[in-house]
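All chains are named by letter (A, B, ...) in the order of the sequence lines, taking the proteins before the strands, and each is independently numbered beginning at 1.
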Amino acid sequence: MNYIRTKNGILVKNAKDFEPRHVFECGQCFRWKAMPGGSYSGVAGGRALRVKKVGNDILLEGTDERNFHEYWAGYFDLSRDYGAIKETLSRDPVLKRAVEYGSGIRILKQDVWETLVSFIISANNRIPRIMSTIERMCQSFGERKEQNGETYFDFPAPGRLAAMDEKDLRGCGCGFRAKYVLKAARIVSEGRADLYSLENADTEDARDALLYFPGVGPKVADCIMLFSMAKFDAFPVDVWVKRVMEHYYLKRETSLAQIRRLACERFGPLAGVAQQYLFYYARGTMGKATDRG
DNA sequence: TTGCAGGGGTCAA
DNA sequence: TTGACCCCTGCA
């Protein structure tokens, strides 16, 4: 990819398949906030960043070239050709519309531990509350850092959360998910599961391993694999994806497991990317979407 | 103003 | 297969 250094950041040139609003509001991440003027501000990988579209370019403010290469280029999946992915998916007439609607979506490569906890919290929950719960957890238990005079908080490490009580986590707004987060933290910090090795496992094996965590069912496991392990054949089915799949493809009430199976057959190794376009399309066009950040 | 249903699922029975 | 689960919001 092409980029130039600026005074306090990196300008990625001709990033035509990168629209910050699509990337940050398609439901894959919870720590990016929309700022006045259309930029997004967030924390990932222990680093703070501001992201803004400038014409056809993307300005990443608050990083240097080293951190850009070490972290952000991978996080934003910048080496992948989403134009080619969209072309392939657009052979399907429904996906063609969905891809046009969310043309700037990219699948982020997020931290596995943070993604595990975030999606445990997402169960039967709404986006604004998920975001505020995670932010409170970070402020209460995450490492405090400063960058250009601004304070931000890292996502708390497994050992840090493992040392807490259930009531501490309830205090952050986790609700009934507090016990799941706590147990997951203890499993990871005690070395009973190696989250980061799952990236190298095949999708079915990684899925089985994730289902071992309390609070992780089929949908959450698929989200973790798609949004932190680049397993693009994972197809998370939530109510919106169920809705859009039944409406445009299946024409009848269908079980979650069956929708997942049919989608994987139909979309193959790009099923997860297709899911993101369909999800964003459904959220924007099908009925009420009152809880969008 | 108050009350109630329901939400980007999972668990347990 | 079904109800309970935190708690906040929208709506009657």
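Within the structure, side chain to side chain donor-acceptor pair (under 3.5 Å) contacts touching residues 170-184 of chain A (residues at least two apart or in different chains) are A:E166-A:R170. The stretch residues 268-280 of chain A participates, sequence neighbours left out, in no salt bridge (Lys or Arg N to Asp or Glu O under 4.0 Å) pair at all. Annotation: salt bridge (Lys or Arg N to Asp or Glu O under 4.0 Å) contacts involving residues 66-84 of chain A, sequence neighbours excluded, comprise A:R47-A:E70, A:R66-A:E70, A:D77-A:R80. Sorted by first and then second residue, the side chain to side chain donor-acceptor pair (under 3.5 Å) pairs with a member in residues 215-226 of chain A read A:R207-A:D222, A:D222-A:R260; sequence neighbours excluded. Counting only residues at least two apart or in different chains, salt bridge (Lys or Arg N to Asp or Glu O under 4.0 Å) contacts with residues 146-160 of chain A comprise A:K145-A:D154. Sequence neighbours left out, the pairs with a member in residues 34-61 of chain A that pass ring pair (Phe, Tyr, Trp, His ring centres under 6.0 Å) are A:F24-A:Y40.
B:dC4 and C:dA4 are spaced 15 Å apart, taking the P atom of each and rounding to whole Å. Comparing B:dC11 with C:dC8, their C1' atoms are spaced 23 Å from each other, to the whole Å. When the C1' atom is compared between C:dG3 and B:dG6, the two are found 14 Å apart, to the nearest whole Å. Using atom P as the reference point in both B:dT2 and C:dC6, the two lie 25 Å apart (nearest Å). Taking atom P in both C:dC11 and B:dG8, one finds a spacing of 14 Å when rounded to whole Å.
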Check nucleotides 11-13 of chain B against the protein and report each pair of N or O atoms closer than 3.5 Å, with its distance, or say if there are none.
| from | atom 1 | to | atom 2 | distance (Å) |
| --- | --- | --- | --- | --- |
| B:dC11 | OP1 | A:G215 | N | 2.8 |

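Contact of A:R129 with C:dC6 (side chain to base): a donor-acceptor pair of N or O atoms is detected under 3.5 Å. Remark: the A:R283 side chain and the B:dG8 base include a donor-acceptor N/O pair separated by less than 3.5 Å.
By the side-chain contact (heavy atoms from CB on, under 4.5 Å) test, A:A263 pairs with A:F235, A:M245, A:F267, sequence neighbours left out. Residues passing the side chain to side chain donor-acceptor pair (under 3.5 Å) test with A:Q147: none are found, sequence neighbours excluded.
Within residues 107-122 of chain A, no residue is approached by DNA chain B to less than 4.0 Å at the level of any non-hydrogen atom.
One interatomic measurement links the two molecules: CG of A:L256 to P of B:dG9, which rounds to 9 Å at whole-angstrom precision. As rounded to whole Å, 11 Å separates atom C1' of B:dG7 from atom CD1 of A:I127. Between the CZ atom of A:R126 and the C1' atom of C:dC6 there is a distance of 13 Å, rounded to whole Å. When rounded to the nearest whole Å, the span between CG of A:L210 and P of B:dT10 equals 12 Å. Going from atom CG of A:D222 over to atom C1' of B:dG9 covers 12 Å, rounded to whole Å. At whole-Å resolution of the value, CD1 in A:I224 and P in B:dG9 are 14 Å apart. When rounded to the nearest whole Å, the span between NZ of A:K242 and C1' of B:dG9 equals 13 Å. Residue A:N125 contributes atom CG, which lies 9 Å from atom P of B:dG8 at whole-angstrom precision.
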field: Secondary structure of DNA chain B in dot-bracket form (Watson-Crick or G-U wobble, distances below 3.5 Å, | marking inter-strand pairs)
entry: .||||||.|||||

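In this structure, A:E19 and A:E25 have side chains that are not in contact, with every pair of non-hydrogen atoms separated by 4.5 Å or more.
With distances taken from any side-chain atom of A:V220 to the nucleotides B:dT10, C:dC6, B:dG8, the minimum falls on B:dT10. Taking the side chain of A:A123 as heavy atoms from C-beta on, and the options B:dT10, C:dC6, B:dG8, the nearest nucleotide is B:dT10.
A sub-4.0 Å separation between OP1 or OP2 of C:dC6 and a side-chain N or O of A:R170 is present.
We find that A:K52 and A:E61 are not joined by a salt bridge, their nearest charged nitrogen and carboxylate oxygen being 4.0 Å or further apart.
Remark: aromatic rings of A:F119 and A:F30 are close, center separation under 6.0 Å. Note: A:Y82 and A:F18 fail the aromatic proximity criterion, with ring centroids not under 6.0 Å apart.
In the hydrophobic clustering, where aliphatic and aromatic side chains (Ile, Leu, Val, Met, Phe, Trp, Tyr) are joined below 4.5 Å either directly or transitively, A:M35 stands alone.
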